[in-house]
Amino acid sequence: IVLVAAYACAAAAEAPSLRLEILGPDGHTPAEGVQVRVTVDDRIATLRTGPDGAVDVALPTDGVRRSLNATVTADGCVPMLINWPIDAPPASHTLRLTEGAVIGGQVVFEDGEPASRAEVRLFVPGSLAALEQPALTDYAVQADENGRWTCDVAPPNLERIRLQIRAPGQSYVTSTT
């Protein structure tokens with residue numbers, strides 16, 4: 001019985017894992033308390049970085065992986081999506097957070113009246129081939145009572161964005177810039 005228990009512990013220790021280290025925008029300081037949502041196939045785990053700015057993700061050993069990615073979100077920083085190669089995920093990965101840029105505007109009706117409490121959904125195009133990219137594929141913000149809205153997590157080098165805007169009781173209107 002002791003031999004079987006020792007074998008089980010050794011097998012568990014050899015299970016594949018991925019260490020994800022998150023650094024703040026300065027590139028040196030570990031980012032504590034950052035949310036990391038890891039998806040392996042249809043399994044989702046939400047983790048938070050510790051004082052060392054890292055999370056350890058145990059990778060399943062059952063079956064063939066079809067997808068492996070993580071979405072990293074921190075207040076005031078651009079949310080990021082990391083897509084790793086399915087066949088050979090790294091043992092570790094370091095991500096440097098980028099401070100978000102502030103964008104915004106005002107939603108108004110055709111007659112110029114503000115659209116109070118309108119919903120604004122932001123879509124920043126990404127690339128299927130990119131290892132790291134902004135995770136703003138359906139990011140929602142709400143306008144205030146004067147129709148004004150802001151988003152403080154936009155990529156600083158934003159070139160294109162699509163907005164879907166909907167005032168309460170209205171249909172979505174889409175705008176691409």
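As the structure is a prediction and not an experimental result, all values here were calculated from the model.
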Quick check: is V78 connected to L131 through a chain of hydrophobic side chains (ILVMFWY, heavy atoms under 4.5 Å apart)?
yes

Taking all non-hydrogen atoms of both residues into account, name the closest pair between A140 and E119 and its distance.
CB-OE2, 4.4 Å

Hey, mind stepping through Q35 and V55 against side-chain contact (heavy atoms from CB on, under 4.5 Å) and telling me if it holds?
CA-CA 10 Å; Q35 179 177 301; V55 294; over 6 Å; no

Identify the two heavy atoms, one from C77 and one from P25, that lie closest to each other, and give their separation to 0.1 Å.
SG-CG, 4.0 Å

Any side-chain heavy-atom pair of D41 and S67 under 4.5 Å
yes

Determine, using the 4.5 Å side-chain heavy-atom cutoff (strictly less than), whether V34 and V153 are members of one ILVMFWY cluster.
no

Kindly give the heavy-atom pair with the smallest separation between A115 and A143, and that separation in Å.
O-CB, 4.3 Å

Is there a donor-acceptor pair under 3.5 Å between the side chain of T49 and the backbone N or O of A31?
yes

Above 12 or not: heavy atoms from other molecules or residues under 6.0 Å from CZ of R121?
yes

Any pair with a residue in residues 140-162 that passes salt bridge (Lys or Arg N to Asp or Glu O under 4.0 Å), sequence neighbours left out, goes on the list, sorted by first then second residue, please.
R117-E145

Roughly how far, to the nearest 0.5 Å, is OG1 of T46 from CZ of R37?
6.0 Å

Can you find a heavy atom in the side chain of V72 that is under 4.5 Å from one in the side chain of L20?
yes

Give me the atom names and distance for the closest heavy-atom approach of T71 to A135.
CG2-CB, 3.9 Å

Should P155 and T98 count as side-chain neighbours, where that means a heavy-atom distance under 4.5 Å?
no

CG of D26: more than 12 outside heavy atoms within 6.0 angstrom?
yes

Residue pair Q142 / W149, side-chain heavy-atom distance below 4.5 Å
no

Determine whether L97 and L23 satisfy the following criterion, side-chain contact (heavy atoms from CB on, under 4.5 Å), listing intermediate values before the conclusion.
CA-CA 6 Å; L97 295 173; L23 299 176; over 6 Å; no

L68 side chain reached by N83 side chain, heavy atoms, under 4.5 Å:
no

Would the number of heavy atoms belonging to other residues, nucleotides or ligands and lying under 6.0 Å from CD of Q106 be above 12?
yes

Could you see if M80 belongs to whatever hydrophobic cluster contains Y139? Use Ile, Leu, Val, Met, Phe, Trp, Tyr and a side-chain cutoff under 4.5 Å.
no

If you group Ile, Leu, Val, Met, Phe, Trp and Tyr by side-chain heavy-atom gaps below 4.5 Å, do I165 and V141 land in one group?
yes

State, yes or no, whether a side-chain contact exists between L59 and S17 at a heavy-atom distance under 4.5 Å.
no

Please lay out, stage by stage, how I82 and L95 fare under the test side-chain contact (heavy atoms from CB on, under 4.5 Å).
CA-CA 9 Å; I82 309 167; L95 174 72; 4.1 Å; yes

Do V107 and R166 have side chains that get closer than 4.5 Å, going by heavy atoms?
no

Derivation and outcome, side-chain contact (heavy atoms from CB on, under 4.5 Å), residues I103 and L122:
CA-CA 11 Å; I103 61 171; L122 294 85; 3.6 Å; yes

Using every non-hydrogen atom in the two residues, find where A101 and P156 come nearest and quote the distance to one decimal.
CB-CA, 3.9 Å

Any side-chain heavy-atom pair of F123 and L136 under 4.5 Å
no

Between H93 and W84 the two heavy atoms that sit nearest each other are ND1-NE1, 3.3 Å

